[in-house]
Number of protein chains: 2
Amino acid sequence: MYPSIIVTVDVVLMTLCLDVLCVALIRRPNAPFAGELALPGGYVHAQEDGNAEDAAYRILREKMGIRPPYLEQLATFSGNRRDPRGWSASIAYFALVSPTTEATWQPVSKLQKLAFDHAAIIQAAVDRLRSKSAYSVLPAYLLPETFTLAELQKIYEQVLGSPLDKSSFRRKIKELDLLDQVAGSFQVGNQRPAQIYRLKKMMTFDRTLSQSAPRKAGRSGQ
Amino acid sequence: MYPSIIVTVDVVLMTLCLDVLCVALIRRPNAPFAGELALPGGYVHAQEDGNAEDAAYRILREKMGIRPPYLEQLATFSGNRRDPRGWSASIAYFALVSPTTEATWQPVSKLQKLAFDHAAIIQAAVDRLRSKSAYSVLPAYLLPETFTLAELQKIYEQVLGSPLDKSSFRRKIKELDLLDQVAGSFQVGNQRPAQIYRLKKMMTFDRTLSQSAPRKAGRSGQ
DNA sequence: CAGGCATATTTGCTAAATGCAACTAACCAG
DNA sequence: CTGGTTAGTTGCATTTAGCAAATATGCCTG
């Protein structure tokens with residue numbers, strides 16, 4: 001009835017490798033852009049995915065073997081130029097994971113040519129991460145589940161790109177009150193042990209960006 | 001090749017009516033949800049729209065007869081539940097216009113039942129407007145092209161939902177440096193005239209949320 | 001076991017930003 | 001000229017952020 005539009009979901013999966021912000025990329029096996037690096041992504045499976053977020057989780061599971069502790073919708077990139085097959089829309093998500101995850105990581109600072117407009121999508125994700133870092137504990141998702149305040153500060157400095165004052169940082173983090181102390185300490189080497197923290201459990205009150213029915217075989221027609 | 005997905009663009013067009021934040025709604029002539037109120041929206045026209053933003057502007061032109069001074073992508077709402085016809089994705093935008101625009105306006109505070117998940121989309125737009133108002137001059141787009149600082153402050157209070165201090169507000173606005181004075185004054189009644197301001201001209205450096213070719217008849221295949 | 005070294009964590013002070021209230025300015029009505 | 005009303009500014013108290021030094025706590029060495 002209407003000209004077909006290609007709808008995909010792409011995920012900017014970020015972590016830290018050696019203190020550098022990196023993004024997971026996959027070499028495309030098929031056309032278009034066969035052989036080039038691209039974000040993990042795929043078509044929406046209308047039968048399988050209740051909504052786009054489900055699709056993002058499925059794609060990360062299938063292509064990366066993980067379920068990230070943080071995932072949010074970034075934006076939708078659309079147009080008649082980004083995919084040679086025609087008019088397309090990519091619902092882009094960005095996800096943060098701890099550095100342990102196995103994957104092909106590339107530093108976000110020096111990216112070669114990427115398929116589609118994926119370089120622009122990554123740039124938008126980095127911008128979003130940076131701006132949200134100014135008033136949230138998002139960067140904590142880039143660390144292992146437990147961490148010290150010194151480690152956390154280092155990540156913030158890495159993400160924000162500028163050094164932070166130690167006492168101000170700790171004041172701010174503590175007044176945000178989003179971390180829990182963990183009984184037990186941790187020593188990096190031959191010095192005073194540092195208190196260990198973890199993110200507080202909290203509900204991610206997503207104001208329903210998507211509405212999905214419990215996944216079932218049959219749907220109400222089309 | 002892949003199950004068809006319904007792709008639409010919906011716009012939350014907001015303004016102020018008698019100092020109250022309102023949204024433009026249209027009564028749907030056709031199924032689904034015939035006769036119910038809904039956001040202005042429509043299908044993407046792959047031949048006509050270079051990208052989703054183009055579609056949003058086209059829809060506002062066709063259905064509202066306007067071109068808003070401010071438009072930004074909000075989020076994409078998707079899933080198998082929001083449209084009875086099947087799996088759908090709505091790329092939602094939000095736009096701000098001055099109060100002179102003719103339309104069917106409804107206060108955002110008391111909305112009756114709306115079609116699809118449009119109530120949730122409006123809620124997300126209001127939240128976004130509120131949060132951006134804390135550090136930008138977005139609310140100025142809700143006013144006529146020229147305005148006084150007192151009028152602007154009133155709008156901010158309306159949008160943010162709390163009263164603001166006069167001197168702090170003026171300090172903040174002036175240091176943001178996004179307004180230009182307009183030579184000439186304006187008196188509301190029998191009191192001291194107020195200085196008139198307008199938004200500075202500035203480029204909206206959209207980091208390419210969409211890539212579109214110059215609109216032409218033929219495209220590069222499908 | 002004392003002293004040195006390295007990092008963690010706190011404390012004290014200064015400077016900047018914000019909030020509050022009073023004050024002055026400009027206009028109109030009478 | 002006086003009073004009323006809104007515009008716009010100024011002065012200070014309070015809060016917040018930035019910076020530097022001091023203190024705390026471990027390990028290591030001798």
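Each chain gets a letter, A, B and so on, in the order the sequences are listed, and its residues count up from 1. All values below were derived from every heavy atom in this structure, side-chain atoms included, with hydrogens, water molecules and symmetry-related copies excluded.
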Evaluate the criterion ring-ring contact (aromatic ring centres under 6.0 Å, His included) for residue pair B:Phe169 and B:Tyr156; output intermediate values, then yes/no. CA-CA 9 Å; B:Phe169 178 76; B:Tyr156 269 83; 5.2 Å; yes

For A:Phe116 and A:Phe33: C-alpha separation, side-chain torsions, deciding distance, then whether ring-ring contact (aromatic ring centres under 6.0 Å, His included) applies. CA-CA 8 Å; A:Phe116 305 102; A:Phe33 298 102; 4.7 Å; yes

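A cation-pi geometry, defined here as NZ or CZ lying under 6.0 Å from the six-membered ring centre and within 45° of its normal, does not hold between A:Arg82 and A:Phe77. Within the cation-pi definition used here (under 6.0 Å to the ring centroid, within 45° of the axis), B:Arg128 does not qualify as a partner of B:Phe94.
When each of A:Arg171 and B:Ala150 is assigned the nucleotide of DNA chain D bearing its nearest heavy atom, the one mapping closer to the 5' terminus is B:Ala150. Between A:Pro193 and A:Glu175, the residue anchored nearer the 5' end of DNA chain D, judged by the nucleotide with its closest heavy atom, is A:Glu175. Along DNA chain C, the nucleotide closest to B:Lys172 and the one closest to A:Lys174 are compared, and the more 5′ of them pairs with A:Lys174.
Put simply, the side chain of B:Tyr57 reaches to within 4.5 Å of the side chain of B:Leu71, judged on heavy atoms. Side chains of B:Ile66 and B:Leu13 form a contact here, defined as non-hydrogen atoms less than 4.5 Å apart.
Shown here is B:Gln191, whose CD atom has more than 12 heavy atoms of other residues, nucleotides or ligands within 6.0 Å.
With values rounded to the nearest 0.5 angstrom, B:Tyr93 atom OH is found 8.0 Å from B:Thr76 atom OG1.
Using a 4.0 Å heavy-atom distance criterion, A:Lys166 is classed as a base contact. Residue B:Thr148 is classed as having no contact, given no heavy-atom separation below 4.0 Å to the nucleic acid.
Contact check on A:Lys200 versus A:Asp177 returns a salt bridge, with a Lys/Arg side-chain nitrogen under 4.0 Å from an Asp/Glu carboxylate oxygen. A salt bridge links B:Arg198 to B:Glu145: one of the charged nitrogens lies within less than 4.0 Å of a carboxylate oxygen.
Checking B:Leu111, B:Leu114, B:Ile121 one by one against B:Val23, the side chain to side chain contact (heavy atoms under 4.5 Å, CB included) holds for a single residue, B:Leu111.
Along DNA chain C, read 5' to 3', the first and last nucleotides having any atom under 4.0 Å from a heavy atom of chain B are C:dT18 to C:dA29. Taking the 5' to 3' direction, DNA chain D first and last meets chain B under 4.0 angstrom from a heavy atom at D:dG4 to D:dT10.
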Parsed dot-bracket for DNA chain D after applying the Watson-Crick and G-U rules with both distances under 3.5 Å and | for other-strand partners is ||||||||||||||||||||||||||||||

